[in-house]
Number of protein chains: 2
Amino acid sequence: MEKARSDCPISCSLDVFGDKWSLLIIRDIMLRGKVSYSEFLASEEKIASNILVNRLTVLEAEKILVKEVSPANKSKFLYSLTQKGADLLPIVIEIMDWGAKYNENCPRRELGKKIKKDKAGVVKELSQELRKRVK
Amino acid sequence: MEKARSDCPISCSLDVFGDKWSLLIIRDIMLRGKVSYSEFLASEEKIASNILVNRLTVLEAEKILVKEVSPANKSKFLYSLTQKGADLLPIVIEIMDWGAKYNENCPRRELGKKIKKDKAGVVKELSQELRKRVK
DNA sequence: CATAGTTGTTGCAAAATGCAATAACTATTT
DNA sequence: AAATAGTTATTGCATTTTGCAACAACTATG
């Protein structure tokens, strides 16, 4: 990482994932079961391949993601969350809830509705699920 | 706002504040009692004046901030949060907590320690405080 | 009328992003 | 082994955003 702008924890966090793409990759792994470059590339937001490589590299360097060779296919890499990455869950959930609340064109789906009913319960449940597959 | 990349609430939220500066301005208003251009400009992260103007304009257009003439000084403007802006509090708190947890060089100060002890309580308390001064 | 305070604007360089084409490597098929 | 397909990148170039420094417009104050 380049030098921090300040020692404010918010500023330091934004130094890492304060951009339009990083948290979407995290979302894909965290909530959509995606694990590979090609799956991230296929997401509806259409990230460019050079940006994707750059973000994966940064997130790996920050120890938010881990990159491994797929056991089933040696030409494929699998990305998974570390505990540090999994701990981004509450942030992702809060951002999702705010976005759904204030965007007419962002319908709450299954998870969004559960969050509206019982946010803390969802975070607790999902963080337990994530713990099973963190690296 | 430009066109949304998708109808995912996370993506839509990041379309609005997915950058390194917007949430720092929000932080200044929300947690540090700052209200004016010159105060934001003086923050330790050293935002450039053209970026600051741009972010304030965007945040106002998104109805996250409201800009008013200062009653005490007609050449001064005051920025305050709307309810939509105040509802970013849980996101800001979670980002602060994660940043403090994973950065050695980001000491928890008073608020950070309270968050570690009772995050939900802090959010509840601060959101009540904010409600008193939302526009 | 001079000065300071506040909120911008402008110009230019640097960095990040977006887009399209292509390449390297592996696995599979013929 | 040659051809094909799948996966993960790299490269070049145009566009956009950011960073930095200087300056300008407006308003209060003395």
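Please read these numbers as outputs of a predicted model, since none were measured by experiment. Any value given below was found using the heavy atoms of this structure, including those in side chains, with hydrogens, waters and symmetry copies removed. Here is the naming used below: chain letters follow the sequence lines, and residue numbers restart at 1 for every chain.
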Nearest-Å distance, CZ (A/F40) to P (D/dT8)? 9 Å

Atom CZ of A/R55 to atom P of C/dG18: distance rounded to whole Å? 9 Å

OP1, OP2 of C/dG18 versus side-chain N and O of A/W21: anything below 4.0 Å? yes

When rounded to the nearest 0.5 Å, the distance separating CD1 of B/I95 from CD1 of B/I93 is 10.0 Å

What is the distance from CG of B/N50 to P of D/dA22, rounded to the nearest Å? 14 Å

First locate atom OG of A/S13, then atom CE of B/M96, and finally report the distance between them rounded to the nearest 0.5 Å. 9.5 Å

Taking only heavy atoms on the protein side, list every residue of residues 29-38 of chain B lying under 4.0 Å from any atom of DNA chain C, sorted numerically. B/S36, B/Y37, B/S38

Would you call B/K124-B/D118 a salt bridge at under 4.0 Å N-O? no

Nearest-Å distance, NZ (A/K20) to C1' (C/dA16)? 12 Å

Quick one: pull up OG1 in A/T82 and CG in A/L88 and give me the separation to the nearest 0.5 Å. 8.0 Å

Taking any heavy-atom pair under 4.0 Å as a contact, classify A/N54: base, sugar-phosphate, or nothing. nothing

Rounding to 0.5 Å, atoms CE (A/M30) and CZ (A/R32) come to a distance of 13.0 Å

Whichever of A/A48 and B/L41 has its nearest DNA chain C nucleotide further upstream toward 5': B/L41

Rounded to whole Å, how long is the line connecting atom NZ of A/K46 with atom C1' of C/dA20? 15 Å

When the distance from CG of A/D19 to P of C/dA15 is rounded to whole Å, what number comes out? 18 Å

Specify the residues of residues 66-81 of chain B, ordered by number, for which at least one heavy atom lies under 4.0 angstrom from an atom of DNA chain C. B/K67, B/S75, B/K76, B/F77, B/Y79

Nearest whole Å is fine: how far is D/dT8 C1' from A/E60 CD? 13 Å

Between the CZ atom in A/R27 and the SG atom in B/C8, the distance rounded to the nearest 0.5 Å is 4.5 Å

Do A/E68 and A/K135 pass the salt bridge (Lys or Arg N to Asp or Glu O under 4.0 Å) test, and can you show the C-alpha distance, the side-chain angles, and the key distance before you say yes or no? CA-CA 10 Å; A/E68 303 169 297; A/K135 301 279 180 172; 3.7 Å; yes

B/I47 atom CD1 is separated from D/dC20 atom P, nearest whole Å, by 11 Å

Are A/E125 and A/K114 ion-paired here, with the side-chain N under 4.0 Å from a carboxylate O? yes

Geometric class of the B/Y79/B/F40 ring pair [parallel <30°, tilted 30-60°, perpendicular >60°]: tilted

